[in-house]
Amino acid sequence: MTNVTIDPLTRIEGHFRLSTEVNENGVITDAQSSGMLFRGIERILVNRDPRDAARITQRVCGVCPTAHAITSANALEDLFGIADQVPKDALVTRNIMQSLNMIDSHATHTYALWLPDLVNPAYRDVFATADNMGTMLWKELLHRFAPLSYRIDGISIPPGQTYVNAIKEKRRLHGSIALIAGKMPHQMSTIFGGVTYKPTVADIGKLSYYYYQLMDFFERYTLGMDHTTWLDNTYRASSPQRAVEFMIEHLQELTESSISSNDFSYSAGWGDTDLLVVLGSELIGEEILGLPVSFKLDRTGTYSDPANIGFLSYGAYYDVENGDGYDPLEFGKSSFLKAAFITGSLERKTFDHMKVTEEVSHSFYTGEGDLHPFDGDTEPVRNADEIDYHGDSQSKYTWMKAPRYDGVPCEVGPIARMIAMQEPLTTGLMNTFSDNGYSTVNTYIRMVARVQEMLILLERLIQWVTSDLDPSGRFSVPIDMSMAKDSQGVGLWEGARGALGHWIKTGSDSKVTKYQMVVPTTWNASPRDSNGIPGPIEQALIGTKVSAAENMLGIDNSNPIGILHTSRAYDPCIACAVHTIDLRQKDGKGERVFDIV
């Protein structure tokens with residue numbers, strides 16, 4: 001048995017550690033997920049004016065601050081009892097800001113954080129087994145996805161074409177958000193009761209211009225075809241089966257043409273999504289389309305016991321067709337992205353936020369039992385000797401708590417949302433995998449679901465901008481602070497990485513007495529709970545092979561690409577899950593003492 005630890009694992013907000021045990025066959029038999037730093041945001045908010053929350057909580061992260069700002073505003077609107085009065089045009093503005101931020105986050109993850117792993121040198125050797133076609137495919141992958149400052153065997157590799165162009169689009173997306181939100185990251189527009197800025201007709205014109213430039217990138221590089229044609233035949237397909245049939249027919253046509261020409265380039269019609277869909281899956285690429293090689297990502301990142309996993313979405317994007325206001329607890333039934341809890345056996349159940357709990361058996365916190373966030377505390381251990389990341393799975397090993405829904409660990413994020421809204425291509429692919437003896441959920445389907453959600457949102461965005469937003473409308477309602485006395489509120493929303501919830505309580509002086517955030521990466525990167533059940537990433541790693549393409553060319557624990565693919569497919573962003581700690585002094589007894597900031 002060999003211990004393989006990657007620290008840090010993330011390419012962004014990088015304080016995430018994965019420690020695994022790999023057996024002599026190159027199969028991961030155990031995994032521990034560790035957030036390396038403490039998050040103190042909840043403690044900062046206690047005894048403060050609740051109006052500070054939407055400003056402070058988004059500082060938890062520079063990648064998804066808009067989601068935290070809106071979630072906090074939702075919690076405050078419930079606290080003050082004004083959610084049903086928030087003007088429709090303020091809600092539309094929030095939808096626009098959130099969709100731009102989510103598209104930005106998905107594009108960043110796909111192009112800058114995940115796809116570069118496909119040009120790992122291990123795949124040069126794997127693809128070389130496919131002779132000339134494999135060599136040509138390897139060169140095409142390098143041409144598209146190679147990151148900046150990349151070297152293989154000491155030779156510099158030029159940055160990939162879509163990698164570079166995606167970074168340019170990220171700048172455009174930040175500029176689009178700042179246009180109506182003041183700045184990005186940590187936008188200033190979202191307040192409880194509405195938004196501070198009233199978009200103008202000129203803003204709508206600029207947003208539309210930005211949109212068409214973004215769409216040009218996605219059609220030229222991501223899709224390789226008109227987005228309406230793609231969504232008409234997948235997202236709006238008559239059935240999940242028909243969505244998959246369209247995709248396979250499209251890829252068969254491309255593959256047959258390219259096998260004869262040995263050309264898988266953009267000019268031959270291959271978008272980045274086409275390459276990912278064909279080369280990522282053994283079933284689609286090798287068994288159905290007849291290619292000689294694939295990454296075999298549909299064999300990795302699976303769950304072995306459906307009883308120990310669920311899929312959770314709180315829902316996001318207000319229903320603005322019905323005018324002002326929303327229901328803080330029920331809005332997920334009518335929102336654009338739906339709320340639902342889906343069991344590991346894919347049984348759909350109605351979501352109830354009172355079934356959300358957190359516990360700390362394996363986390364560096366004090367306290368016991370499963371607590372609903374309204375009753376939760378964030379009380380870290382104070383003795384530095386108790387903070388040890390090298391303990392076994394029976395010990396405390398992370399700064400992340402263990403969220404559970406009705407006692408079950410849950411995967412959150414694009415695949416949970418696509419299942420909740422019964423998106424045809426995602427559910428059709430899941431059915432196809434199941435029918436052919438593959439696991440229904442795997443690393444491959446996680447990435448396809450993320451790209452599909454990005455395209456769906458991009459199309460919905462232009463309707464919010466050009467049809468739903470009225471610059472002459474109302475954008476906020478007045479607030480009376482006395483309404484916050486002895487009250488409580490809940491904000492439920494979706495960050496790019498998944499379900500995001502804020503819970504707040506206030507006292508007789510209207511000041512905050514409790515504030516809890518349960519964030520997406522805490523769900524996905526959860527540690528074990530008191531029953532010893534691992535979190536989603538831990539479960540997905542156990543059983544995954546450590547090296548490239550199912551250990552196709554042997555076991556190489558020094559290049560554990562299987563761990564990287566599986567865990568990074570969840571788009572972990574640990575800043576949300578942990579924050580900061582300040583070691584200041586010893587207590588005079590030779591023990592180190594932490595001052596929590």
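The first residue in the sequence is number 1, and the count goes up from there.
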Is it true that the side chains of [X] and [Y] contain a donor and an acceptor less than 3.5 Å apart?
X: Ser33; Y: Arg17; result: no
X: Ser265; Y: Ser267; result: yes
X: Arg94; Y: Thr66; result: no
X: Ser547; Y: Asp556; result: no
X: Glu256; Y: Gln252; result: no
X: Thr302; Y: Ser439; result: no
X: Gln452; Y: Glu423; result: yes
X: Ser526; Y: Asn524; result: no
X: Asn233; Y: His250; result: no

Indicate yes or no: at least one non-hydrogen side-chain atom of [X] is less than 4.5 angstrom from one of [Y].
X: Asp319; Y: Tyr326; value: no
X: Cys64; Y: Ser105; value: no
X: Leu279; Y: Leu141; value: yes

Between [X] and [Y], is the ring centroid distance below 6.0 Å?
X: Tyr317; Y: Trp464; value: yes
X: Tyr163; Y: Phe145; value: no
X: Tyr111; Y: Phe217; value: yes
X: Tyr221; Y: Tyr266; value: yes
X: Phe336; Y: Tyr318; value: no
X: Tyr444; Y: Phe295; value: no

Going by the salt bridge (Lys or Arg N to Asp or Glu O under 4.0 Å) test, which pairs reach into [range], not counting sequence neighbours?
range: residues 332-351; value: Glu330-Lys333
range: residues 411-421; value: Glu411-Arg446, Arg417-Glu453, Arg417-Glu494
range: residues 20-32; value: Asp30-Arg528

Requested in this report: Using the six-membered ring of Tyr438, assess whether NZ or CZ of Arg299 lies under 6.0 Å from its centre and within 45 degrees of the ring axis.
Outcome: yes
Which side-chain N or O atoms in residues 126-135 pair as donor and acceptor under 3.5 Å with protein atoms at least two apart or in another chain?
unit_1	atom_1	unit_2	atom_2	d
Thr129	OG1	Val126	O	2.5
Thr135	OG1	Asp131	O	3.2

Test salt bridge (Lys or Arg N to Asp or Glu O under 4.0 Å) applied to [X] - qualifying residues, sequence neighbours left out:
X: Glu286; answer: Lys296
X: Arg172; answer: Glu169
X: Asp272; answer: Arg144
X: Asp104; answer: Lys170

Exam field: side chain [X] to backbone [Y], donor-acceptor pair closer than 3.5 Å:
X: Asn551; Y: Ile555; answer: no
X: Ser313; Y: Ala416; answer: no
X: Gln539; Y: Pro534; answer: yes
X: Thr300; Y: Leu297; answer: yes
X: Glu358; Y: Pro403; answer: no
X: Ser258; Y: Leu254; answer: yes
X: Thr426; Y: Gln422; answer: no
X: Asp232; Y: Thr229; answer: no

Pairs of donor and acceptor atoms involving the side chains of residues 113-123, under 3.5 Å and at least two apart or interchain, shall be tabulated with distances.
unit_1	atom_1	unit_2	atom_2	d
Trp114	NE1	His565	O	3.3
Asp117	OD1	Arg11	NH1	3.3
Asp117	OD1	Arg11	NH2	3.0
Asp117	OD1	Arg568	NH1	3.0
Asp117	OD2	Arg568	NH1	2.9
Asn120	OD1	Ala122	N	2.9
Asn120	OD1	Asn559	ND2	2.8
Asn120	ND2	Asn559	OD1	3.0
Tyr123	OH	His565	NE2	2.7

Query raised in the report: Who pairs with Trp270 by ring pair (Phe, Tyr, Trp, His ring centres under 6.0 Å), at least two apart in sequence or on another chain?
Result: Phe264
Requested in this report: Could you label the plane-to-plane angle of the Phe246 and Trp230 rings as parallel, tilted or perpendicular, counting under 30° as parallel and over 60° as perpendicular?
Outcome: perpendicular
Requested in this report: Sort out for me which residue in Phe331, Phe311, Tyr314 forms a ring-ring contact (aromatic ring centres under 6.0 Å, His included) with Phe351.
Outcome: Tyr314
Atom pair [atom1]/[atom2] of [X] and [Y] - distance to nearest 0.5 Å:
X: Leu142; Y: Arg124; atom1: CG; atom2: CZ; answer: 9.5 Å
X: Thr20; Y: Ile28; atom1: OG1; atom2: CD1; answer: 5.0 Å
X: Leu137; Y: Leu291; atom1: CG; atom2: CG; answer: 7.0 Å
X: Leu231; Y: Leu223; atom1: CG; atom2: CG; answer: 7.5 Å

Requested in this report: Under the side-chain contact (heavy atoms from CB on, under 4.5 Å) rule, what do Thr108 and Val63 come out as? Steps first, then yes or no, please.
Outcome: CA-CA 9 Å; Thr108 301; Val63 181; over 6 Å; no
Query raised in the report: Who are the side chain to side chain contact (heavy atoms under 4.5 Å, CB included) partners of Thr71, not counting sequence neighbours?
Result: Trp493, Leu500, His502
Show me the side-chain donor-acceptor pairs of residues 454-463 shorter than 3.5 Å, one per line, residues at least two apart or across chains.
unit_1	atom_1	unit_2	atom_2	d
Glu459	OE1	Arg236	NH1	2.7
Glu459	OE2	Arg236	NH2	3.0

Report task. Only one of Asp7, Leu9, Ile6 passes side chain to side chain contact (heavy atoms under 4.5 Å, CB included) with Phe16; say which it is. Result -> Leu9
Requested in this report: Step through the shown structure and confirm whether more than 12 heavy atoms of other residues, nucleotides or ligands are within 6.0 Å of CD on Gln213.
Outcome: yes
